[in-house]
Every structure is written in structure tokens, then in C-alpha cells.
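Have a look at the structure below, then the notes.
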Amino acid sequence: MNPSLIFVVAPAPHLPAATTSLEELQRAQAAGPSTGFALRIFSRGAAHPDLGLLPVDGRLTGEQRRSSDGTQLLCDALVVRIDPQHHWLGVYQGDPEDPTCLQCLDRVALSELSNATCWFYPTHDGTYLSWERGLRLRLQLGSIVDCPEGLGSAPYERSRISVLWSLLGDDASLTCVGITYGGQRLEWPPLSLSSEPMATWGRFRVDNQADHSLAVEDCLTVFSVPPSAS
């Protein structure tokens with residue numbers, strides 16, 4: 001099996017174009033995306049909660065995916081704010097004879113890659129709750145999530161890369177929500193992560209018979225309670 005592919009998202013000048021090291025790639029990734037957001041979507045249970053009373057940390061179902069009143073966690077995602085007009089993708093692979101020596105296989109502007117759409121929000125009729133909280137982050141190097149053996153052993157091909165776009169809520173324009181290789185999601189695990197002191201709760205309705213199948217009925221920003229002065 002070939003050494004694993006390593007992916008770096010950063011502005012073009014930071015991406016090494018020839019033989020490089022792990023340390024250089026880590027420095028390049030540090031120049032890449034530094035913000036993102038956490039997104040959770042819940043089916044609404046028996047309760048009709050006041051959005052202003054919902055927790056800023058988004059823990060509506062505690063540690064479980066379903067609460068006692070039937071509220072269920074449907075989506076729990078961390079979305080990195082990747083800007084395809086600003087960021088490039090660098091693809092690297094270790095030399096089989098010297099894994100510490102990394103070869104650049106490709107450097108390409110994200111705006112030049114194939115695009116694909118995905119859907120974060122439910123498609124079944126009903127009323128749901130969403131929670132979104134801004135994040136500041138530093139990312140580790142990227143890799144293929146659950147890489148199949150056949151994909152990992154095959155030579156790299158640029159045509160396998162797709163930039164994923166989704167409509168979030170009732171936004172009028174698409175948001176970049178990730179990148180895939182060979183149909184598998186690429187992941188850049190957080191090296192450090194800090195949350196904004198506020199979050200936004202929304203209540204939205206899906207009605208596939210309506211002209212606009214998804215409509216946000218209510219939206220409210222809630223804030224962390226500052227620590228009491230000692």
C-alpha cells in the first residue's frame with residue numbers, strides 16, 4: 001500500500017512545491033483556515049421550547065442522541081470556513097524509501113476543482129431546531145476519512161477531488177462545507193479549538209409541498225453567562 005496522502009489547505013504561497021518535510025507542511029497548514037462553526041440539528045420532541053432558554057453549548061439532549069421528551073440529535077458537524085477563492089489544496093505523499101521525505105503531488109486552486117452539492121438539513125416534513133456556534137481553530141494536516149484500501153493503494157488523481165457546497169438554513173447562496181477525495185470526506189482535525197461566547201438557535205420547518213421547502217420560523221442569539229466576580 002502506498003504511503004497515505006497528506007492534504008494541506010492554505011494560500012498558494014505557503015504550499016511547498018517540491019520535496020518537503022512534515023514540519024514545513026504543518027507550518028503551511030497553520031497559515032490556512034482559522035475559523036469555522038459547529039452545527040447541530042435536532043428533531044423537536046414533545047416540548048415547544050423558548051429559544052432564549054436553550055443552552056449556549058448546544059447540549060439539548062445531554063450526552064445522548066435522544067432526550068426523554070423525544071428530541072433527537074440528527075446532525076453534529078464541525079464545518080471549517082474554507083474559502084475556495086482564497087485557498088489552494090496541496091497534496092503530498094511520503095517516499096516509500098524515506099517516509100520523512102514528502103513529495104508534492106499537486107498544488108491546485110480550490111476554485112479550479114470539481115464541485116458537488118450535499119444537504120445538511122432534513123428533507124422529511126416537520127419542525128426542527130438548529131444550533132450554530134462560531135469557532136476559532138488551528139488545524140492538523142488533512143487525511144482521507146475511513147480510506148478504503150483500494151483508494152489508498154491507487155495512484156493520486158486530481159479528478160477524484162470535489163469541493164462540497166450546501167445551502168445552510170434558508171441562505172440564498174451556497175457555503176463551502178468540505179472537500180472529498182474519491183467520494184470520501186477529507187478531515188483536518190482541530191489542533192486547538194475555542195468557541196465564540198454566543199450561539200444562534202433557530203426553529204425551522206420543512207414542507208415539501210411549499211414553494212420553498214425549508215423556512216426558518218424563528219432565530220435567536222444566546223450568550224454565555226459571564227463568570228461571577230470574586
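Computed from a prediction, not measured in an experiment: that's the story for all the values here.
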_Nearest 0.5 angstrom please: R65 CZ to L73 CG, how far?_
4.5 Å
*Report yes or no: does Y181 contribute a side-chain atom to a donor-acceptor pair with the main-chain N or O of L151 at less than 3.5 Å?*
no
*For the ring-ring contact (aromatic ring centres under 6.0 Å, His included) test, which of W131, Y121, W201 pairs with F42?*
W201
*Return yes when atom CZ of R138 has more than 12 non-hydrogen atoms of other residues, nucleotides or ligands closer than 6.0 Å, and no otherwise.*
no
_Determine whether a donor-acceptor pair (N or O, by modelled atom type, separation under 3.5 Å) exists between the side chain of D207 and the backbone of D125._
no
*Look at the side chain of W165 and the backbone N and O of S173, then say whether any donor-acceptor pair between them is shorter than 3.5 Å.*
no
_Q93 backbone acceptor or donor facing Q103 side chain under 3.5 Å_ = no
*May I ask you to say whether E217 pairs ionically with R203, meaning some side-chain N is under 4.0 Å from a carboxylate O?*
no
*Which heavy-atom pair separates F7 from S143 by the least distance, and what is that distance?*
CD1-CA, 4.1 Å
_Under 3.5 Å: donor-acceptor pair, side chain of D76, backbone of R40_ = no
_With clusters defined by side-chain heavy atoms of hydrophobic residues (ILVMFWY) lying less than 4.5 Å apart, directly or transitively, does V206 cluster with L39?_
yes
*Check whether any side-chain N or O of T200 sits under 3.5 Å from a backbone N or O of T221 as a donor-acceptor pair, and report yes or no.*
no
*Between C176 and I82, what is the shortest heavy-atom contact and its length?*
CB-O, 3.6 Å
*Supply the atom-to-atom distance Q140 CD to L191 CG, rounded to the nearest 0.5 angstrom.*
5.5 Å
*Evaluation steps, side-chain hydrogen bond (donor to acceptor under 3.5 Å, both in side chains), between Q29 and W188*: CA-CA 9 Å; Q29 186 57 69; W188 285 264; 3.2 Å; yes
_Whether T20 side chain and P16 backbone form a donor-acceptor pair below 3.5 Å_ = no
*What closest approach, in Å, do V163 and P84 show between heavy atoms, and which atom pair accounts for it?*
CG1-CG, 4.4 Å
*salt bridge (charged side-chain N to carboxylate O under 4.0 Å, His left out) partners for E23, two or more places apart*: none
*Can you label the angle between the Y128 ring and the F204 ring as parallel, tilted or perpendicular, going by 30° and 60°?*
parallel
*Which atom names give the shortest non-hydrogen contact between T123 and N208, and what distance separates them?*
O-ND2, 2.8 Å
*Should F37 and L51 be counted in the same cluster of Ile, Leu, Val, Met, Phe, Trp and Tyr side chains packed under 4.5 Å apart?*
no
